[in-house]
Structure formats: structure tokens, C-alpha cells
**Student:** 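So that we are looking at the same thing, I have put the structure below in C-alpha cells.
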Amino acid sequence: MLRTLLSPRVMGLHLLTIGVLVAFILLGRWQLGVFQDSGKPHASSDPEPVAVGTLAPMGAQLTGEVVGRRVTAEGFYESGRQLLVADRRADVDAPGGNVSRDHGYWVLTPLKLDDGTLMPVVRGWVAKADDPAVAAVPESRVSVAGRLRPQQGTDSVQRRAEGLPAGQVQTVSTGELVNLWAGQKVRTGYVVAQPPSGSLTQVKADPPVVGGTLTWRNLAYAANWWIFAGFAVFMWFHFVRDAVRADRDRGKSSPEMVLEG
């Protein structure tokens with residue numbers, strides 16, 4: 001049997017089977033990877049910027065497809081209503097509240113649009129509340145470009161037990177801003193300015209992200225390749241078994257032929 005398994009013709013079959021198995025397994029893994037990647041969130045197309053008033057409504061939530069969209073806004077900053085969003089890192093997706101305590105502040109300034117409504121704008125980030133860049137609010141008319149973000153729930157962070165100093169908040173909540181900026185019409189959400197205002201540090205805000213759609217066809221392809229690999233093993237087994245039987249039968253018949261001669 002060992003002689004048959006190590007014979008040149010069967011050794012060729014071994015090598016061919018190994019090559020087929022490796023190829024089929026790798027092809028199956030490739031199709032499985034395509035299937036898994038298809039379900040991951042990914043950045044959508046990044047449309048051209050539009051006026052913020054067309055996407056940020058009054059008294060309604062932002063729809064998912066507009067979150068992260070590039071917008072523009074023109075008007076005047078109201079420095080007297082400026083707030084600091086405490087315990088924040090220079091990234092809108094980083095956790096806030098006690099998790100990021102003493103890690104910095106977002107500088108939140110309302111921009112009065114031409115229709116009289118206020119659009120909250122995160123002009124940038126500072127490490128210290130007394131940074132001179134905080135007070136450097138442009139007095140003339142400005143044109144702001146940035147990305148639109150949804151409002152944050154007031155319960156979305158763990159708040160400081162001792163509270164915050166006057167002029168500071170923990171979240172950018174439209175409901176809270178309506179109370180703080182009494183008598184003003186405040187649009188939902190906020191804009192992260194890109195580039196930041198003055199010498200403030202840029203707050204990172206990513207483009208829109210959409211959920212992936214699983215491509216079940218690729219999973220079926222992966223299963224097919226692995227089934228083919230199993231079939232290759234099945235065929236190898238039968239060819240080897242037949243070769244061993246044939247050699248064994250030849251070995252049994254050889255003595256008889258000698259005796260007859």
C-alpha cells in the first residue's frame with residue numbers, strides 16, 4: 001500500500017489535490033470576506049455643500065441621511081450668547097461628560113442667519129476655558145462652512161455632580177439651547193465649522209456614513225467553493241483507493257502467472 005501511495009502517478013494526484021484544496025479554500029475565504037465587508041458601515045458619497053437652512057429644520061429632528069452633510073451658513077455671530085461645551089475632545093464622536101473630564105471645550109456660538117433664526121456652530125476646540133481664542137469672535141458678517149450634526153440628548157453623558165460654571169453646558173441640546181437663548185428661534189442640530197474659526201483647534205467631524213447591505217450571494221459563493229473542496233477530497237480518496245486495490249490485485253495474480261509458466 002505504501003509503495004502505491006508513493007508511486008509517481010499517485011504522488012502527482014496528491015500534489016494536484018493539495019493545489020486544488022488550497023485554491024478552493026482561499027477562494028471561499030475571499031468570498032466570505034466580501035460578504036462580511038458588505039455589512040459594514042461605509043462612507044457615502046459626499047455631496048456638494050448646501051445652505052444649512054435646507055437641512056436643519058425648526059422644531060423637528062434631523063433625518064439620518066443629512067447627518068454629516070456639508071453645509072454653508074451666512075450671518076453674524078452673537079458673541080453674547082456664546083457657550084462652552086465642557087469635557088469634550090476635539091472629535092464629535094469621542095465620548096463627553098466625566099469620561100472626558102478636563103480634556104477641553106467646544107466653543108459653541110450661535111450664528112444669526114438672514115431669516116433671524118439661530119444656528120448653533122461649534123467654531124472649534126480649546127484646552128482651557130480661559131484661552132484667548134474663545135473671546136476672538138468675528139464681529140463682521142461671516143460665511144461658515146462645516147458639517148451638520150444632530151442635537152445631543154441632555155442625558156447622553158454623565159454629568160458633573162457639582163454642576164458647571166455659568167456659560168458652560170455638557171451637551172449641544174436644542175431643547176436646552178432654546179431655554180438658554182430665550183426668545184430666539186433655534187434650528188435643530190449644530191454645525192461643526194471646517195475650517196475652525198480663528199486660532200481655535202479643528203473639531204473632527206466625519207462625512208456621512210451609511211449602513212452596509214449584506215450580499216448573501218457572496219456567502220453562497222463561499223459555500224460553493226468549500227463544497228468543491230470537499231468533493232475534491234472525495235474524488236482523491238476514491239482514486240487512491242482504486243489505485244491501491246488495483247496494485248493489490250496485480251500482486252495476488254502475479255504468483256499464479258508464474259506457476260502457469
**Student:** Using 0.5 Å steps for rounding, measure from the CG atom of Asn224 to the CG atom of Leu219.
**Tutor:**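 The CG atom of Leu219 is 10.0 Å from CG of Asn224, to the nearest 0.5 Å.
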**Student:** Would you say Trp226 and Leu21 are hydrophobically clustered, going by side-chain heavy atoms of ILVMFWY under 4.5 Å?
**Tutor:**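 No, Trp226 and Leu21 fall in different hydrophobic clusters.
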**Student:** With rounding to the nearest 0.5 angstrom, report the CD to CD distance, Gln170 to Gln158.
**Tutor:**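 One finds 9.5 Å between CD of Gln170 and CD of Gln158.
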**Student:** Aromatic ring centroids of Trp236 and Phe239 under 6.0 Å?
**Tutor:**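 Here the rings of Phe239 and Trp236 have centres that are no less than 6.0 Å from each other.
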**Student:** Is any side-chain heavy atom of Leu118 less than 4.5 Å from a side-chain heavy atom of Arg81?
**Tutor:**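 SC-SC contact between Leu118 and Arg81 confirmed.
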**Student:** Between CG of Leu27 and CZ of Phe228, what distance do you get to the nearest 0.5 Å?
**Tutor:**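 Reported to 0.5 Å precision, the distance equals 10.5 Å.
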**Student:** Just jot down the side-chain contact (heavy atoms from CB on, under 4.5 Å) partners of Arg101, sequence neighbours excluded, or say none.
**Tutor:**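 Arg101: side-chain contact (heavy atoms from CB on, under 4.5 Å) contacts with Asp87, Asn98, Arg160, Glu162.
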**Student:** Is there a side-chain contact between Val240 and His14 (heavy atoms, below 4.5 Å)?
**Tutor:**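 In short, these two side chains touch, coming nearer than 4.5 Å.
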**Student:** Mind checking the CD-CZ spacing from Glu48 to Arg69? Nearest 0.5 Å is all I need.
**Tutor:**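 So the CD of Glu48 and the CZ of Arg69 are separated by 10.0 Å.
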**Student:** Considering all heavy atoms of both residues, which atom of Pro49 and which atom of Thr72 are nearest to each other, and what is their separation?
**Tutor:**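 In terms of heavy atoms, the two residues are closest at CB-CG2, 3.9 Å.
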**Student:** Indicate, with yes or no, if Tyr190 and Leu83 share a hydrophobic cluster defined by side-chain heavy-atom contacts under 4.5 Å among Ile, Leu, Val, Met, Phe, Trp and Tyr.
**Tutor:**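 Looking at the clustering, Tyr190 is in the same group as Leu83.
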**Student:** For Gly96 and Val157, work out which heavy atoms get closest and say how close.
**Tutor:**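 Looking at all heavy atoms of both residues, the closest pair is C-CG1, 3.8 Å.
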**Student:** Under the side-chain hydrogen bond (donor to acceptor under 3.5 Å, both in side chains) rule, collect the residues that match up with Ser140, sequence neighbours excluded.
**Tutor:**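 Ser140 satisfies side-chain hydrogen bond (donor to acceptor under 3.5 Å, both in side chains) with no residue once adjacent residues are dropped.
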**Student:** How would you list, by chain and number, every residue that makes a side-chain contact (heavy atoms from CB on, under 4.5 Å) with Lys128, sequence neighbours excluded?
**Tutor:**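 Partners of Lys128 under the side-chain contact (heavy atoms from CB on, under 4.5 Å) test: Asp130.
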**Student:** Apart from Leu26 itself, what residues make up its hydrophobic cluster, given side-chain heavy atom links below 4.5 Å?
**Tutor:**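 Besides Leu26, the hydrophobic cluster comprises Ile18, Val22, listed by chain and residue number.
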**Student:** Scan for salt bridge (Lys or Arg N to Asp or Glu O under 4.0 Å) pairs involving residues 132-141, sequence neighbours excluded, and state none if there are none.
**Tutor:**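 For residues 132-141, and leaving out neighbouring residues, the salt bridge (Lys or Arg N to Asp or Glu O under 4.0 Å) pairs sorted by first residue read Glu74-Arg141, Asp114-Arg141.
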**Student:** Sequence neighbours excluded, which residues qualify as side-chain contact (heavy atoms from CB on, under 4.5 Å) partners of Asp115?
**Tutor:**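 Partners of Asp115 under the side-chain contact (heavy atoms from CB on, under 4.5 Å) test: Leu113, Thr117, Arg187.
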**Student:** Are any non-hydrogen side-chain atoms of Val134 and Leu84 less than 4.5 angstrom apart?
**Tutor:**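 Heavy-atom side-chain distance check passes, below 4.5 Å.
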**Student:** Considering residues at least two apart in sequence or located in another chain, which fulfil the side-chain contact (heavy atoms from CB on, under 4.5 Å) criterion with Ser173?
**Tutor:**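 With sequence neighbours excluded, Ser173 shows a side-chain contact (heavy atoms from CB on, under 4.5 Å) to Gln151, Thr154, Thr171, Glu176, given in chain and number order.
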**Student:** Start with the C-alpha gap between Val203 and Val92, add the side-chain angles, then the distance that decides, and say whether side chain to side chain contact (heavy atoms under 4.5 Å, CB included) holds.
**Tutor:** CA-CA 7 Å; Val203 176; Val92 293; 3.7 Å; yes
**Student:** Grab the two heavy atoms, one from Ala133 and one from Leu200, that are nearest each other, plus how far apart they are.
**Tutor:**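 Looks like CB-CD2, 3.5 Å.
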**Student:** Heavy atoms only: give me the nearest Ala94-Arg88 pair and the separation to one decimal.
**Tutor:**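 Minimum heavy-atom separation between Ala94 and Arg88: O-NH1, 4.3 Å.
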**Student:** Apply side chain to side chain contact (heavy atoms under 4.5 Å, CB included) to residues Val85 and Val122 and explain how you reach the verdict.
**Tutor:** CA-CA 9 Å; Val85 186; Val122 173; 5.7 Å; no
**Student:** Check for me, please, whether Val144 and Val67 land in the same ILVMFWY cluster - side-chain distances under 4.5 Å, paths through other members count.
**Tutor:**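 The answer is no; the residues belong to distinct hydrophobic clusters.
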**Student:** Do the non-hydrogen side-chain atoms of Thr201 and Pro196 ever get within less than 4.5 Å of each other?
**Tutor:**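 No. Closest side-chain heavy atoms not under 4.5 Å.
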**Student:** Check whether any side-chain N or O of Gln194 sits under 3.5 Å from a backbone N or O of Ala205 as a donor-acceptor pair, and report yes or no.
**Tutor:**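 Yes.
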**Student:** Just verifying a value: how many Å separate Ile25 CD1 and Trp225 CH2, rounded to the nearest 0.5 Å?
**Tutor:**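 Going from CD1 on Ile25 over to CH2 on Trp225, the span is 12.5 Å.
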**Student:** Could you tell me if the side chain of Val121 sits less than 4.5 Å from the side chain of Tyr77, heavy atoms only?
**Tutor:**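 Yes, their side chains come closer than 4.5 Å.
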**Student:** Going by ring pair (Phe, Tyr, Trp, His ring centres under 6.0 Å), name the residues that satisfy it together with Trp181, two or more places apart in sequence or in a different chain.
**Tutor:**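 Here no residue qualifies.
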**Student:** Can you list the residues that meet the salt bridge (charged side-chain N to carboxylate O under 4.0 Å, His left out) rule with Arg147, with sequence neighbours excluded?
**Tutor:**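 Testing Arg147 for salt bridge (charged side-chain N to carboxylate O under 4.0 Å, His left out), a comparison that skips the adjacent residues, returns Asp46.
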**Student:** Which donor-acceptor pairs under 3.5 Å do side chains of residues 104-111 form with protein atoms, sequence neighbours excluded?
**Tutor:**
residue, atom, partner, partner atom, Å
Trp106, NE1, Arg89, O, 2.8
Thr109, OG1, Gln82, OE1, 2.6
Thr109, OG1, Arg123, NE, 2.9

**Student:** State plainly whether one hydrophobic cluster holds both Leu16 and Phe24, where clusters connect Ile, Leu, Val, Met, Phe, Trp and Tyr through side-chain heavy atoms under 4.5 angstrom apart.
**Tutor:**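 Hydrophobic grouping puts Leu16 with Phe24.
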**Student:** Which Ile, Leu, Val, Met, Phe, Trp or Tyr residues join Tyr221 in one cluster when any pair of side-chain heavy atoms under 4.5 Å counts as a link?
**Tutor:**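 None; Tyr221 is a cluster of one.
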**Student:** Does some side-chain heavy atom of Leu55 sit less than 4.5 Å from a side-chain heavy atom of Leu62?
**Tutor:**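 The answer is no; the side chains never approach within 4.5 Å.
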**Student:** Hey, quick one: are Val52 and Val192 part of the same hydrophobic cluster, counting side-chain heavy atoms closer than 4.5 Å, chains of contacts allowed?
**Tutor:**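 No, Val52 does not connect to Val192 through the hydrophobic network.
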**Student:** Thr188 and Met58: side chain to side chain contact (heavy atoms under 4.5 Å, CB included), yes or no, with the steps?
**Tutor:** CA-CA 6 Å; Thr188 302; Met58 294 286 301; over 6 Å; no
